[in-house]
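Here the structure comes first, spelled out in structure tokens, and everything after it is commentary.
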Amino acid sequence: MESPSIPQETASPTGERGADTILVTGANRGIGAAIARRLAQDGFDLVLHSRRDGDDIAQVAADARAAGAQVRLLQFDVTQRERVKTLLEADIAAHGCYYGVVCNAGIAVDKPFPALEDEDWDSVLKTNLDGFYNVLRPLVMPMIQRRRPGRIVTLSSLSGLIGNRGQVNYSAAKAGIIGATKALAVELAKRRITVNCVAPGWIETSMTEALSREEIRKLVPMQRPGEPHEVAATVSFLCSRDAGYITRQVIAINGGMC
């Protein structure tokens, strides 16, 4: 039986600024775009991030607005710590703190380890792992001070779970995301802010174009790549009120590969 002294999650009060707003980084294409569209369909307002302005993010924003969401756009490079901090703090000051954050922005530079250049290592670690810090560091205290339930979802990868040939840099970054997610979840649990990680496998995006269907059938027990909407559905659930007792988890979406 739940103790009556423990506050339970309730819907945000009408009119609270930022009450149901979720920031999605890397929302301009692929999995990030699918997440943004699904969150909009599920009733959330959105702050959509991309590294630069363009037709892709404009289309995602238009689709989200068509689904009924209020949408704002932010452009920044997640590796530029001071700029990220300045823009996020300004957005919060103008519009209120976010209910949730989906840390999706990332890159891959795949090469055998002996062929990796310093820049291949640095750019992948700075974007995928430093990006976690740079985005969440300015947001966590405002989310705590909001004194309401919140949601943080990070994106790792199958490579972060089991490693992958030609992805030593990417695997290191994505494994780091898992560790950071789990540690942050412990810190924020008593604040009713859940922190979970989604780890996709081979998903039908531009990042998997080099793999043939035959290769995927051999690698994946379900014998097909995943679809971006399948990842988006899990992320949206983890952002929902119904997921209030799920935290510190890594959910693999990989067709049975591990």
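Here the structure is a predicted model, which means the values were calculated and not measured.
Here OH of Tyr170 is found 10.0 Å from CD1 of Ile107. Values are rounded to the nearest 0.5 Å. Between Ser123 atom OG and Asn169 atom CG the span is 7.5 Å, to the nearest 0.5 Å. Within the model, atoms CG of Leu88 and CZ of Arg83 stand 10.5 Å from one another, a figure rounded to the nearest 0.5 Å. A distance of 8.0 Å separates NE2 in His49 from CG in Leu74, rounded to the nearest 0.5 Å. Interatomic distance, Thr247 OG1 to Leu238 CG, rounded to the nearest 0.5 Å: 9.5 Å. One finds the NZ atom of Lys182 at 14.5 Å from the CD atom of Glu187 (value rounded to the nearest 0.5 Å).
By the 6.0 Å contact criterion, CD on Glu89 is enclosed, its count of non-hydrogen atoms from other residues, nucleotides or ligands being greater than 12. Atom CZ of Arg72 sits in a crowded spot, with more than 12 heavy atoms from other residues, nucleotides or ligands closer than 6.0 Å. In this structure, Arg81 places its CZ atom where more than 12 heavy-atom neighbours from other residues, nucleotides or ligands lie under 6.0 Å away.
Applying side-chain contact (heavy atoms from CB on, under 4.5 Å) to Asn28 and the options Asp55, Ile57, Leu48 leaves one that passes, Ile57. Exactly one of Asp91, Ile22, Ile152 qualifies for a side-chain contact (heavy atoms from CB on, under 4.5 Å) with Tyr98. That residue is Asp91. Of the listed residues (Ile35, Thr234, Val102), just one forms a side-chain contact (heavy atoms from CB on, under 4.5 Å) with Val198, and that residue is Thr234.
Looking at heavy atoms from C-beta onward, Asp42 lies out of side-chain contact with Ser240 at the 4.5 angstrom threshold. Counting heavy atoms from C-beta outward, Val135 and Val84 have side chains that approach closer than 4.5 Å. The closest side-chain heavy-atom distance from Gln249 to Cys197 is not below 4.5 Å. Side chains of His229 and Arg37 form no contact here, defined as non-hydrogen atoms less than 4.5 Å apart. Side-chain contact check for Pro228 versus Thr205: some heavy-atom pair is nearer than 4.5 Å. Two residues are said to be in side-chain contact when any heavy atoms from C-beta on lie closer than 4.5 Å; Leu155 and Pro200 meet this criterion.
Of all heavy-atom pairs between Ile253 and Glu230, the closest is CD1-O, 4.2 Å. Shown here for Ile193 and Arg148, the closest heavy-atom pair between the two residues is CG1-O, 4.4 Å. Smallest separation of non-hydrogen atoms from Arg147 and Arg192: O-NH2, 3.5 Å. Listed here is the closest heavy atom pair of Asn164 and Ser171: N-OG, 3.4 Å. Contact record, Leu139 with Pro142: O-CD, 3.3 Å, taken as the closest heavy-atom pair. Shown here for Gly106 and Thr127, the closest heavy-atom pair between the two residues is CA-CG2, 3.9 Å.
Between the side chain of Arg65 and the backbone N or O of Val71, at least one donor-acceptor pair lies under 3.5 Å. Ser236 contributes no side-chain N or O that, together with a main-chain N or O of Ala232, makes up a donor-acceptor pair within less than 3.5 Å. Under the 3.5 Å distance criterion, the side-chain polar atoms of Asp45 are left unmatched by any main-chain donor or acceptor of Ala69. Side chain of Asp63 to main chain of Val60: no donor-acceptor pair is present (N/O by atom type, distance under 3.5 Å, no hydrogens or angles). Remark: side-chain polar atoms of Asn254 are not paired, donor with acceptor, to backbone N or O of Gly201 under 3.5 angstrom. When atom types are taken as modelled, the side chain of Arg248 and the backbone of Val186 share no donor-acceptor pair closer than 3.5 angstrom. With Thr181 contributing its side chain and Asn196 its backbone, the two residues share no donor-acceptor pair below 3.5 Å. At least one donor-acceptor pair closer than 3.5 Å links the side chain of Thr25 to the backbone N or O of Ala105.
No single ILVMFWY cluster, assembled from side-chain heavy atoms under 4.5 Å apart, contains both Tyr133 and Ile92. Cluster membership for Leu158 and Met222, using ILVMFWY side-chain heavy atoms within less than 4.5 angstrom, is shared.
Ring geometry for Phe113 against Trp121 counts as perpendicular: the plane angle is over 60°, on a 0 to 90° scale with 30° as the lower cut.
Here Gln145 pairs with Met141 under the side-chain contact (heavy atoms from CB on, under 4.5 Å) rule; sequence neighbours left out. Partners of Gln223 under the side-chain contact (heavy atoms from CB on, under 4.5 Å) rule, at least two apart in sequence or in another chain, are Arg217.
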Practice task
Go through Leu39 and Cys239 one step at a time and tell me if the side-chain contact (heavy atoms from CB on, under 4.5 Å) criterion holds.
Solution key: CA-CA 9 Å; Leu39 289 171; Cys239 289; 4.2 Å; yes
Practice task
Apply the test side-chain contact (heavy atoms from CB on, under 4.5 Å) to residues Ser156 and Leu161: give CA-CA distance (whole Å), side-chain angles for both, the deciding distance (0.1 Å), then the verdict.
Solution key: CA-CA 8 Å; Ser156 181; Leu161 291 170; 5.7 Å; no
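Looking at Asp77 and Thr79, their side chains do bring a donor and an acceptor atom within 3.5 Å of each other.
The salt bridge (charged side-chain N to carboxylate O under 4.0 Å, His left out) contacts involving residues 122-141 comprise nothing, where partners must be two or more places apart or lie in separate chains.
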